[in-house]
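Residue numbers start from 1 in every chain, and the chains themselves are labelled A, B, ... in the order their sequence lines are given, proteins ahead of strands. Note that these values count all heavy atoms, side chains included, but never hydrogens, waters or copies made by symmetry.
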Number of protein chains: 2
Amino acid sequence: MKFESVTIKDIAKVLHLSTSTVSRALRDSYEISEETKKLVVDYAKSVNYRPNPSALNLKKRRSRTLGITISEIANSFFSQIIAGVESVAKEKGYNVIISQTFENFEREQEAVRNLSQSVDGMLISLSSETKSLEHIEELQQRGMPIVFFDRIAKNLEGHKVRSNNHKGAFDATEHLIHNGYKRIAFIGNPDNLAIIKERKRGYDEALEFHQIPHREDYVKYCQHGGLSYEEVEMVMQDLLSLDEPPQAILSCADKITTNCYRYLYKHHIKIPDQMALIGFSNLDLTEFLNPSLSIIQQKAVTMGTQATELLIQQIESKRPVVDYSEIVLEPDFFARDSSKGH
Amino acid sequence: MKFESVTIKDIAKVLHLSTSTVSRALRDSYEISEETKKLVVDYAKSVNYRPNPSALNLKKRRSRTLGITISEIANSFFSQIIAGVESVAKEKGYNVIISQTFENFEREQEAVRNLSQSVDGMLISLSSETKSLEHIEELQQRGMPIVFFDRIAKNLEGHKVRSNNHKGAFDATEHLIHNGYKRIAFIGNPDNLAIIKERKRGYDEALEFHQIPHREDYVKYCQHGGLSYEEVEMVMQDLLSLDEPPQAILSCADKITTNCYRYLYKHHIKIPDQMALIGFSNLDLTEFLNPSLSIIQQKAVTMGTQATELLIQQIESKRPVVDYSEIVLEPDFFARDSSKGH
DNA sequence: TTGTAGGCGTTATCAC
DNA sequence: GTGATAACGCCTACAA
């Protein structure tokens, strides 16, 4: 089953013109007479002519396509990011190809390498399991414009758009402390991710500031980013089986937050009385949950639009970009019942 | 800023071979000696050679890209669909380009026409405002494989994957009736959509079956699919200002359901005592809402995978497809507190 | 077993 | 003002 489409050649044949004339007429070149232009344009419209993108790409050595690498689409944070990316991309005439890593390093390498030939530039949020950055560095060195967002690569150059993760975690932890919680656990993705390091630092510093002793057994990392319920379940069991279990949890990813909530619900552990919960999340209805969920919400759509604007700017820049921006977005904090004082 | 990549020509030059030999060696042709093959393949790997997709596409007259047209990405139902689509597409070596219509007819026409040159086939869920189908028919006639899902086009040929909308709405309505509700309102997208007609029919027939009189003023359509809160707000105000307002609502789209919930919450109308609510939704945490939300949940991921499998099958079929399948997925029904009897 | 040449659809360069 | 030609990267008859 093949889709047959009209080409410049077809038009040229019908109108008894050369392909070059048709091409020029369609692009409104000054060299072509108004008469011929009108003839060609009208006919092209009547047969619904559209230039073949592959031919154009081959010729122009660009694809007007952006690649975006994220952990998972079915995650409110990332689907909001994509919404932002798509809106700017479409507006500027770019398509977007999405690659999911499912927090897996090999998949990320694969994705990045595959994308490399199809796109003019890439938006990357690292996977939880990413340890080495060579696959990305190599592309950068060959001139691929890459903008990092959310889970940025600390040690690579390039435009970056991220949240103020330190502040988000610090404020949330402090909020718990103010509400009377002292035994506060931290659950995050693995801390090879800079954002998790930052959030951990925020958590640490809030404890320190309020002279609450650190406890290493209150700090947990989900190697797979809490993608599966089971992963979070194990962490929760660990925490609850401690001699002195925590009274509150700070969760550092959308999936972890919802899976914690699910766990507590399932095991009839009352929130916040038996366990307070506050987490990073971009879900829609958290305020209507029972109890309503306290969240640190990132400006996801904005993150998507800003990152895309920077990327397109870099792609279309005449000279190599040397001066990179790092945009930091302030997260919004919503204190609700799940972290109420007792 | 241009991304320089290695071509077959480069390899040929370095190895003192012709481009055809390199091309054949890379594709493991029987004509090439093992020796040469190894030489070429090893070198290609060492320089990270990837064929240029545009050149391949131009040559093969296909793009190994699928287009999908939906109303909005930031909608749990559609992001689950996309997750399903991506998984099958990636597995079979296809990329996916997403187009959002935001329920607008012109955007849909634009999207479909733009996509037409870039993709080998399309997955389409119609927009709420779509009235004519010429833009789609035209492509079909020129041989573009198109699979309809969710909001299918009743009068066009093609593979179709949808939910059993009639049953979903019938069961939900009957459930409300069993729980003692008689004054039941229906809120949906515009009924030029076949799925809404079907859901309306399910609602109608359940009422009829239980000998509950119809009331036209209980039936409301959101022209823009409830995308904005304000649209749903107006409908709710209409319903509540009736002499005899409804006691329960059946909502027919994810966005409408959540916006109804939001409205009731905001106006301190107790669910279900003052107004029961049940709706089509694929949101994640509905069971933990306060009160927990009764939903009709569609098999979104499956819908995505099945539609994509059909599409790729049609694209890769040697002979024109004449025998179209219509897959009907049974929705899952979760009765919860928001529709409890009083 | 390897090389040469032509073409996929488009645009740019050069001629007329 | 218009037309012929080459080139973008790849593949595939056909030739050698």
Side-chain angles (χ1 to χ4, degrees), chain A residues 2-41 43-44 47-65 93 114 116-120 142-143, chain B residues 2-41 43-44 47-65 93 114 116-120 142-143:
Chain A
K2 213 166 291 166
F3 179 70
E4 295 299 340
S5 48
V6 184
T7 72
I8 270 189
K9 227 185 208 167
D10 298 331
I11 299 182
K13 202 175 292 168
V14 172
L15 300 182
H16 302 290
L17 290 168
S18 74
T19 57
S20 10
T21 306
V22 174
S23 169
R24 279 186 280 234
L26 287 172
R27 300 184 314 104
D28 201 24
S29 159
Y30 65 96
E31 311 165 286
I32 305 294
S33 73
E34 286 307 318
E35 228 178 340
T36 315
K37 264 186 206 168
K38 190 166 161 31
L39 184 71
V40 172
V41 169
Y43 180 73
V47 295
N48 234 310
Y49 167 79
R50 307 253 152 173
N52 177 319
S54 299
L56 237 54
N57 294 344
L58 184 58
K59 186 81 202 163
K60 299 252 172 101
R61 298 139 139 263
R62 52 150 189 66
S63 59
R64 284 198 96 76
T65 299
N114 272 334
S116 74
Q117 289 293 330
S118 323
V119 303
D120 295 342
R142 289 205 279 150
Chain B
K2 215 168 290 165
F3 179 70
E4 295 300 341
S5 47
V6 183
T7 72
I8 268 188
K9 224 188 210 165
D10 299 330
I11 299 182
K13 201 175 292 169
V14 172
L15 300 182
H16 301 290
L17 290 168
S18 75
T19 57
S20 33
T21 305
V22 174
S23 168
R24 279 185 280 234
L26 287 172
R27 302 189 312 104
D28 201 24
S29 159
Y30 65 97
E31 313 166 283
I32 304 292
S33 73
E34 287 305 321
E35 226 179 338
T36 317
K37 261 187 207 167
K38 189 165 159 33
L39 185 72
V40 171
V41 169
Y43 180 74
V47 295
N48 234 310
Y49 168 79
R50 308 254 148 171
N52 177 319
S54 299
L56 236 56
N57 295 345
L58 186 57
K59 183 79 203 169
K60 299 249 173 102
R61 294 137 143 266
R62 54 149 187 64
S63 60
R64 284 199 97 74
T65 299
N114 273 334
S116 74
Q117 290 291 331
S118 323
V119 303
D120 295 343
R142 288 203 281 150

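A heavy-atom distance below 4.5 Å is found between the side chains of Ile8(B) and Leu26(B). Within the 4.5 Å cutoff, side-chain heavy atoms of Glu35(B) are placed close to those of Ser33(B). For the pair Val14(B)/Ile11(B), no side-chain contact is recorded, criterion being any heavy-atom separation below 4.5 Å from C-beta on. The shortest side-chain heavy-atom distance between Val40(B) and Thr21(B) does not fall under the 4.5 Å cut-off. With contacts defined as side-chain heavy-atom distances shorter than 4.5 Å, the pair Ser118(B)/Thr65(B) does not qualify.
Judged by atom type and distance alone, Ser20(B) does not reach the base of dA5(C) through any side-chain donor-acceptor pair under 3.5 Å. Between the side chain of Arg61(A) and the base of dG9(D), no donor-acceptor pair of N or O atoms lies under 3.5 Å. In terms of polar N and O atoms assigned as donor or acceptor, the side chain of Lys59(B) never comes within less than 3.5 Å of the base of dC8(C) in a complementary pairing.
Between Val22(B) and Val6(A), the residue anchored nearer the 5' end of DNA chain C, judged by the nucleotide with its closest heavy atom, is Val22(B). For the pair Leu17(B) and Arg50(A), nearest-nucleotide mapping onto DNA chain C gives the more 5' position to Leu17(B).
For Ser23(A), no side-chain nitrogen or oxygen approaches OP1 or OP2 of dT10(C) to under 4.0 Å. Tyr49(A) has a side-chain polar atom (N or O) that falls below the 4.0 Å cut-off from OP1 or OP2 of dT10(C).
We find that CZ of Arg27(A) is positioned 13 Å from C1' of dG9(C), with the value rounded to whole Å. Distance, Ile32(A) CD1 to dT11(C) P: 12 Å, rounded to whole Å. dT2(D) atom C1' lies 15 Å from atom CD of Glu34(A), rounded to whole Å.
Inter-axis angle, ends of the helix from dT1(C)-dA16(D) to dC16(C)-dG1(D), five pairs per end, rounded to 10 degrees: 50°.
Here the side chain of Ile8(B) is nearest to one of dT10(C), dC11(D), dG3(C), namely dC11(D). Nearest to the side-chain atoms of Leu58(B) among the listed nucleotides dG9(C), dT2(D), dT4(C) stands dG9(C). Comparing dG3(D), dC10(D), dT10(C) against the side chain of Ser18(A) picks out dG3(D) as the nearest. Of the candidates dT11(C), dT2(C), dT13(C), dT11(C) carries the atom nearest the Lys60(A) side chain, counting heavy atoms from C-beta on. With dT1(C), dT11(C), dA4(D) as the choices, the nucleotide that has an atom nearest any side-chain atom of Thr36(B) turns out to be dT1(C).
Note on Ser33(A): only backbone sugar-phosphate atoms sit closer than 4.0 angstrom, heavy atoms only; bases stay farther off. As judged by a 4.0 angstrom heavy-atom cut-off over every strand, Arg24(B) is placed among the base-contacting residues.
Atoms CZ and CG, on Arg61(A) and Asn52(B) in that order, are 9.0 Å from each other to the nearest 0.5 Å. Atom CD of residue Gln117(B) and atom CZ of residue Arg50(A) lie 8.0 Å apart, to the nearest 0.5 angstrom.
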